[in-house]
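See structure below.
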Amino acid sequence: MSSKQTTSIIIGAGQTGRGFIAPLLKEDEHQIIFIDKDKELIQTLSNKEQYKVRYFGDKLLPCTVKDYYAFLPTEDFAITAIAKADYIFTAVGEEQIKNIIPLIRKSLEVRKSMKIDSPLILVTCENGVNPKKALIEADLNKKMIITEGIVFCTTLSKNKNNLDLYSEDFDYIPYDVEASGKHFNLSGFKPISKFKNLIERKIFTYNCYSACISYIGDYIGYSNYAEAANDKDINKLLHLLSKPVNQSIATHYKVPIKEQELFSEQAISKFKNKEIKDTIARNTRDVHRKLLPNERLIKPLSLMKQYKQSTNIIELIIAAALHFGSMNNQWTESIDGILKNTCKIDSVKEREKIIQKYHWFQKNLPVEVMINEENK
Ligand SMILES: NC(=O)c1ccc[n+]([C@@H]2O[C@H](COP(=O)([O-])OP(=O)(O)OC[C@H]3O[C@@H](n4cnc5c(N)ncnc54)[C@H](O)[C@@H]3O)[C@@H](O)[C@H]2O)c1
Ligand SMILES: O=P(O)(O)OC[C@@H](O)[C@@H](O)[C@H](O)[C@H](O)CO
């Protein structure tokens, strides 16, 4: 296909795949092949032959990504390309990982028939505490190296019809070196030991705050994410939320409190940065996923309980997420049913506490009043 040294497949040619992972892979070394289930996107990528990634604040020169191929997962070219590849990076969303298994299985069979002995390396680049789980359960780790990366970088596309994107200037993806069993010889990828701790801290700090900003921001009426993050009441909430988040995370993951506080401050200052034109809509997406027990809201709640921290504010954010789901017709069950069956909160008393706050949102109570209630 090409004379470049390394063939790298990016499954998921959306914001992160196209705008963050592709520019990280050095153009002169990597033959990039995008695989995406969106037919229109694949057609546009193939027709336009190149696109630009600009950087928030416009202080850096844009990067042009070109000389790539783009296929649908159903095309034979996709199977052959994966069969011959060195690396696969996924950026499809954690819940979509299970759907790429048949494609990878077929490709591994073809790889075997081609007698390619070198190991195929897959790095998930998804938000979530265990994105590789479905791949391991499908036993794919016996035939390839599977590891996880963390995406700290925000990358946004304007709309579906425009390939160009805006991204933060982030030059690496931390990856789990223990799971991969080796250091990759890849610039842009940084080996991390005790990776599970870092990915969990990231989801329970950064993404927990992002849920606070976006679900409360949506309730107040914001559509611009940074504007919501700078709102006076949301700031107060972030301040109140960060205390139990930092205490419980520092204790649970055995990191110095100062280190966790710095991590937390970095998250808040990123989200308040008005140069990053993020939207409330992108951050509120998939509310059901965000309410799962191992996710950004329920897991911090259980850590706070475990380490005897105040749970008032996180309960309020959970209530805001439930309210968002109701307003957007996301539930077929009662709120109690969601708390019991999706969030897996067994205690009736605890569910009642959250439902009471959910009613505050249903009654349109001002956020300031809710904060005062919580601080009584
Ligand atoms: N965009 C960001 O700023 C950002 C930041 C941190 C983490 N992430 C994470 O990166 C991942 C991707 O997010 P995104 O923002 O790029 O989403 P996105 O919706 O922009 O892109 C996802 C792409 O994956 C494709 N896709 C979905 N299922 C597929 C499948 N089964 N086979 C092939 N293609 C499939 C979609 O068609 C889409 O083009 C998510 O896990 C997200 O949480 C994104
Ligand atoms: O991508 P999601 O839907 O899991 O979460 C939305 C945001 O919280 C997320 O994309 C953050 O902006 C990103 O993880 C940077 O911290």
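Every number for a ligand or one of its atoms is a count from 1 in the order of the listing. In this text the structure is predicted, and so the values were computed from the model without any measurement. Index from 1, following the sequence.
Enclosure of atom NZ in K190 is not indicated, since only 12 or fewer non-hydrogen atoms of other residues, nucleotides or ligands lie within 6.0 angstrom.
Counting only heavy atoms of the protein, atom 15 (C) of ligand 2 lies nearest to K270 NZ, 3.7 Å. Looking from atom 5 (O) of ligand 2 to the surrounding protein, the closest heavy atom is R296 NH1, 2.9 Å. The protein heavy-atom contact nearest to atom 22 (C) of ligand 1 is A91 O, 3.5 Å. Atom 14 (O) of ligand 2 has as its closest protein heavy atom K202 NZ, 2.6 Å. The protein heavy atom nearest to atom 8 (O) of ligand 2 is S210 OG, 2.7 Å. If you check which protein heavy atom lies closest to atom 26 (N) of ligand 1, you get V92 CG1, 3.8 Å. In terms of protein heavy-atom proximity, atom 7 (C) of ligand 2 is closest to N283 OD1, 3.1 Å. At the top of the distance list for atom 10 (O) of ligand 2, counting protein heavy atoms only, stands R282 NH1, 2.9 Å. Scanning all protein heavy atoms for the shortest distance to atom 25 (C) of ligand 1 gives D36 OD2, 3.2 Å. N127 N, 3.9 Å is the protein heavy atom nearest to atom 9 (C) of ligand 1. For atom 2 (P) of ligand 2, the closest non-hydrogen atom on the protein side is N127 ND2, 3.5 Å. Taking atom 5 (C) of ligand 1 as the reference point, the nearest protein heavy-atom neighbour is C153 O, 3.3 Å. Residue, atom and distance of the protein heavy atom nearest to atom 31 (N) of ligand 1 are Q96 OE1, 3.2 Å. Protein heavy atom in closest approach to atom 1 (O) of ligand 2: R285 NH2, 2.9 Å. Remark: minimum distance from atom 11 (C) of ligand 1 to any protein heavy atom is reached at E126 OE1, 3.3 Å. From the protein, the heavy atom lying nearest to atom 16 (O) of ligand 1 is T16 N, 2.8 Å.
Within the model, atoms CD1 of I35 and OH of Y69 stand 13.5 Å from one another, a figure rounded to the nearest 0.5 Å. The line from CD1 of I280 to OH of Y222 is 9.0 Å long, rounded to the nearest 0.5 Å. The OH atom of Y215 lies 8.0 Å from the OG atom of S210; values are rounded to the nearest 0.5 Å. Of the inter-residue distances, the one linking S326 atom OG with Q362 atom CD reads 5.5 Å to the nearest 0.5 angstrom. Going from atom OG of S187 over to atom CG of L25 covers 8.0 Å, rounded to the nearest 0.5 Å.
In this structure, R201 is positioned above the aromatic face of F263, its NZ or CZ under 6.0 Å from the six-membered ring centre and within 45° of the axis.
If you look at S157 next to ligand 1, there are no close heavy atoms at all, none under 4.0 Å. Contacts with ligand 1 closer than 4.0 Å are made by side-chain heavy atoms of L41 only, the backbone lying farther away. At a heavy-atom distance under 4.0 Å, only side-chain atoms of R289, from C-beta outward, approach ligand 2.
For ligand 1, the atoms sitting less than 4.0 Å from at least one non-hydrogen atom of G14 are 16 (O), 20 (O), 21 (O), 23 (C), 39 (O), numbered in the order shown with element in parentheses. Contact atoms of ligand 1 toward V151: 5 (C), 6 (C), 7 (C) (distance under 4.0 Å to a heavy atom of the residue). Short contacts between ligand 2 and Y206, defined as distances under 4.0 Å to a heavy atom of the residue, involve ligand atoms 16 (O). Heavy-atom contacts of D38 reach the following atoms of ligand 1: 37 (O) (cutoff under 4.0 Å). Near C125, with a cut-off below 4.0 Å to any heavy atom, the atoms of ligand 1 are 10 (O), 11 (C). With ligand atoms numbered from 1 in the order given, ligand 1 contributes 1 (N), 2 (C), 3 (O), 4 (C) to contacts under 4.0 Å with heavy atoms of R282.
Not a single heavy atom of G128 sits under 4.0 Å from any atom of ligand 1. The closest approach between E94 and ligand 2 stays at or above 4.0 Å for every heavy atom of the residue. The shortest heavy-atom distance from R18 to ligand 1 is not under 4.0 Å. Look at P131 and you'll find every heavy atom at least 4.0 Å from all atoms of ligand 1.
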**OP:** For K305 and E350, run salt bridge (Lys or Arg N to Asp or Glu O under 4.0 Å): C-alpha distance rounded to whole Å, both residues' side-chain angles, the deciding distance at 0.1 Å, then the answer.
**Re:** CA-CA 11 Å; K305 280 190 289 180; E350 202 176 306; 2.7 Å; yes
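Between N246 and the options Q309, E261, Q260, E265, a side chain to side chain donor-acceptor pair (under 3.5 Å) holds for only Q260.
Cluster annotation: F56 is not connected to F20 through the hydrophobic network of ILVMFWY side chains, with a link wherever side-chain heavy atoms come within less than 4.5 Å. No single ILVMFWY cluster, assembled from side-chain heavy atoms under 4.5 Å apart, contains both L156 and F34.
A perpendicular orientation is assigned to the rings of F271 and Y225, their planes being inclined by more than 60° (bins at 30° and 60°). Ring orientation note: the planes of Y68 and Y51 are tilted relative to one another, at an angle of 30° to 60°. Ring-plane geometry between F89 and Y87 is classed as parallel, the angle between the planes falling under 30 degrees on a 0 to 90 degree scale with a further cut at 60.
For G128 against E94, the heavy-atom pair with the smallest separation is CA-OE1, 3.4 Å. The two residues A229 and I213 come nearest to each other via the heavy atoms N-CG2, 3.7 Å. Shortest non-hydrogen contact noted between A70 and I42 is O-CG2, 3.6 Å. Of all heavy-atom pairs between E200 and Y253, the closest is OE1-OH, 2.6 Å.
The distance criterion of under 3.5 Å between nitrogen or oxygen atoms is met by N207 with respect to ligand 2. By the 3.5 Å distance cut-off applied to N or O atoms, R285 is counted among the residues near ligand 1. At under 3.5 Å, not a single nitrogen or oxygen of D278, backbone or side chain, sits near a nitrogen or oxygen of ligand 2. For ligand 1, the polar-atom distance check against Q15 finds a nitrogen or oxygen pair separated by under 3.5 Å. By the 3.5 Å distance cut-off applied to N or O atoms, R289 is not counted among the residues near ligand 1. In terms of polar-atom proximity, defined here as any N/O pair under 3.5 Å, N99 makes no such contact with ligand 1.
In this structure, Y166 has its ring center no closer than 6.0 Å to that of Y55.
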